[in-house]
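A short write-up of the structure that comes next.
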Amino acid sequence: MSGNAVALWEHCINQLKAELTSAEFNTWILPLQARLDGPLLRLLAPNRFVLDWTRKHYADRLLELCARHSQGEVSEIHFEVGEFARESGPAKGKGARAGSKATAIDSDLAMRRATANLNADFNFDTFVEGKSNQLARAASIQIARNPGSTYNPLFIYGGVGLGKTHLMHAVGNVILASNPSARVVYLHSERFVAEMIKALQHNRIEEFKKTYRSVNALLIDDVQFFAGKERSQEEFFHTFNALLESRQQIVLSSDRFPKEVTGLEERLRSRFGWGLTVAIDPPDLETSVAILHCKATQLGVELPEDVAFFVGRRIRSNIRELEGALRRLVANAHFTGKPITLEFAKQALRDVLVAQDRQVSLENIQRTVADYYKLRTSDLLSAKRSRSLARPRQLAMALAKELTKHSLPEIGQAFGGRDHTTVLHATRKIKSLRESDVTIEEDYRNLLRMLTL
Ligand SMILES: Nc1ncnc2c1ncn2[C@@H]1O[C@H](COP(=O)(O)OP(=O)(O)OP(=O)(O)O)[C@@H](O)[C@H]1O
């Protein structure tokens with residue numbers, strides 16, 4: 001399977017994983033193997049029953065996903081019973097051809113990546129090395145090559161958008177690719193908590209324990225979100241011990257040093273520091289520029305050196321924002337048909353840069369957001385949690401993070417004495433809503449403009 005075909009199948013799997021229950025996904029989609037023959041996607045099911053069911057229930061959706069992702073190049077799906085050869089020799093499936101070995105293995109890897117929640121784009125090849133992340137990268141490569149036997153756990157900490165998640169995925173991807181039977185799971189800590197609660201509600205806690213205690217690598221992002229969740233900490237503590245005892249790899253990330261993660265039991269905090277703890281710092285200018293070039297190449301554009309330096313110099317503290325600025329530049333250039341020059345970049349990024357430069361006060365943000373939603377500022381600061389207040393409050397916190405230099409605890413304090421994790425949660429929530437909900441995106445942009453012009 002070519003890289004494109006793998007990406008196509010991976011796209012289908014990821015979509016269906018999000019749309020189906022895990023039982024449906026595991027029963028019907030997981031056993032499928034895929035191969036692309038020109039415009040034809042061939043799917044092999046292990047038996048007639050799976051074939052009939054998937055053809056009846058998922059063929060249309062799969063075709064729709066394929067057609068959209070391939071821009072119409074894939075126009076047909078064919079189901080058969082069988083299995084592509086994994087080792088060598090002819091494939092068993094009717095019509096499966098010799099030479100399908102790579103296909104089966106690749107689509108297998110795509111499937112395993114999806115069940116591990118791993119993003120194939122986050123790998124070591126796409127991670128630019130710089131002074132700010134050198135140690136974290138080197139340690140990650142080391143444990144990816146020798147999981148469970150060098151540093152355990154590996155604890156990566158650093159500010160928002162600096163590459164912690166990217167490195168964790170890269171570790172998982174290497175482990176999966178080098179060991180076909182490895183079981184790897186990447187999870188955000190909030191998801192761990194949610195899954196545990198679900199398991200408790202449905203009397204499936206034993207199953208939950210077994211799942212997480214039997215993996216070869218467990219990658220848990222943003223462990224600071226375990227703060228204050230005692231039952232989850234207890235469960236995670238036992239999972240952690242079981243994995244460490246059986247020499248399976250654990251990788252954790254957080255926005256701060258293990259000992260400074262407040263709201264965690266001491267025994268957990270101290271265990272987090274048992275292996276190797278590495279920091280990622282904001283990139284220096286040269287690294288920012290190198291990252292911009294790397295991302296530009298991935299987007300298929302060439303970025304002039306002066307533009308890369310200009311953007312890198314102006315957006316320093318967060319690589320996600322650096323990437324956002326680049327995407328905006330590329331989108332504007334496509335849209336207007338103009339080349340990306342320094343002048344063009346200055347124009348296209350005017351809003352972003354003004355927002356970066358301008359110091360806005362927290363009070364101003366609260367007032368503006370309250371006016372915009374026709375609320376009282378005191379409502380934003382109150383403990384009330386109705387949706388009509390919670391969303392504007394989250395927006396205000398996200399704007400505070402973007403437009404001021406205040407720390408998360410300072411922002412939390414200014415919003416009625418809330419915890420810093422609430423602020424972090426708000427910024428994440430708004431980030432994802434801005435991608436999925438046009439009204440929120442519009443509100444955010446309007447507010448940004450009102451606060452910065
Ligand atoms: N060194 C790097 N090279 C290339 N891309 C990078 C690098 N560091 C970060 N990025 C990119 O920046 C974006 C944000 O990174 P990532 O999501 O890993 O941040 P994070 O530290 O986990 O942030 P958060 O605390 O918000 O979870 C990603 O798209 C990632 O690919």
Side-chain angles (χ1 to χ4, degrees), residues 117-141 144 154-173 186-192 219-227 251-258 260-261 277-299 303 308 311-312 315-330 394 397-398 401-402 407-409 411 420-435:
N117 302 317
L118 291 175
N119 179 344
D121 293 336
F122 286 171
N123 54 57
F124 288 116
D125 292 340
T126 55
F127 190 85
V128 175
E129 183 181 1
K131 255 196 257 121
S132 54
N133 60 38
Q134 210 162 30
L135 188 56
R137 178 180 168 275
S140 300
I141 291 178
L154 176 66
F155 192 102
I156 307 173
Y157 74 98
V160 173
L162 294 183
K164 302 183 292 295
T165 304
H166 188 135
L167 275 183
M168 295 178 98
H169 281 253
V171 169
N173 281 322
Y186 163 87
L187 268 191
H188 191 271
S189 63
E190 282 184 319
R191 173 96 185 273
F192 184 91
L219 319 168
I220 302 275
D221 216 344
D222 288 326
V223 292
Q224 71 272 12
F225 284 106
F226 280 134
V251 185
L252 306 169
S253 87
S254 169
D255 63 348
R256 74 207 71 175
F257 192 71
E260 288 166 8
V261 184
T277 299
V278 285
I280 301 195
D281 291 318
D284 53 26
L285 180 59
E286 287 71 18
T287 312
S288 292
V289 169
I291 291 172
L292 279 167
H293 281 308
C294 172
K295 302 279 174 192
T297 309
Q298 283 168 27
L299 292 171
L303 200 61
V311 179
I315 301 177
R316 298 299 297 276
S317 56
N318 180 331
I319 298 170
R320 190 175 292 119
E321 278 171 16
L322 204 61
E323 236 183 308
L326 175 68
R327 274 211 209 90
R328 185 165 175 160
L329 212 52
V330 173
Q394 286 178 329
M397 288 184 189
K401 184 77 194 87
E402 174 159 352
S407 65
L408 295 176
I411 297 172
H420 66 278
T421 52
T422 311
V423 184
L424 196 54
H425 176 71
T427 56
R428 281 174 194 286
K429 183 81 199 167
I430 296 301
K431 178 178 171 277
S432 87
L433 282 175
R434 285 180 61 194
E435 280 160 8

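Both backbone and side-chain heavy atoms feed into the values below; hydrogens, waters and symmetry mates do not. Atoms within a ligand are numbered from 1 in the order they appear, just like the ligands themselves. No experiment lies behind these values; they were computed from the predicted model shown.
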Listing by chain and number, which residues have a heavy atom under 4.0 Å from ligand 1?
Phe122, Thr126, Phe127, Val128, Asn133, Gly159, Val160, Gly161, Leu162, Gly163, Lys164, Thr165, His166, Asp222, Ile291, Lys295, Ile319, Arg320, Glu323, Arg428
Assign the ring pair His188 / Phe225 to parallel, tilted or perpendicular, where the plane angle (0 to 90°) is split at 30° and 60°.
tilted
Apply the salt bridge (charged side-chain N to carboxylate O under 4.0 Å, His left out) test between Asp222 and each candidate in Arg256, Lys164, Arg428; give the one that qualifies.
Arg428
Please check if the distance between the ring centroids of Phe192 and Phe226 is under 6.0 Å.
yes
Side chains of Arg191 and Asn117, heavy atoms from C-beta outward: is any pair under 4.5 Å?
yes
For Phe122, the ring pair (Phe, Tyr, Trp, His ring centres under 6.0 Å) test, sequence neighbours excluded, returns His166, His169
Donor + acceptor pair across side chains of His420, Gln224 (<3.5 Å):
no
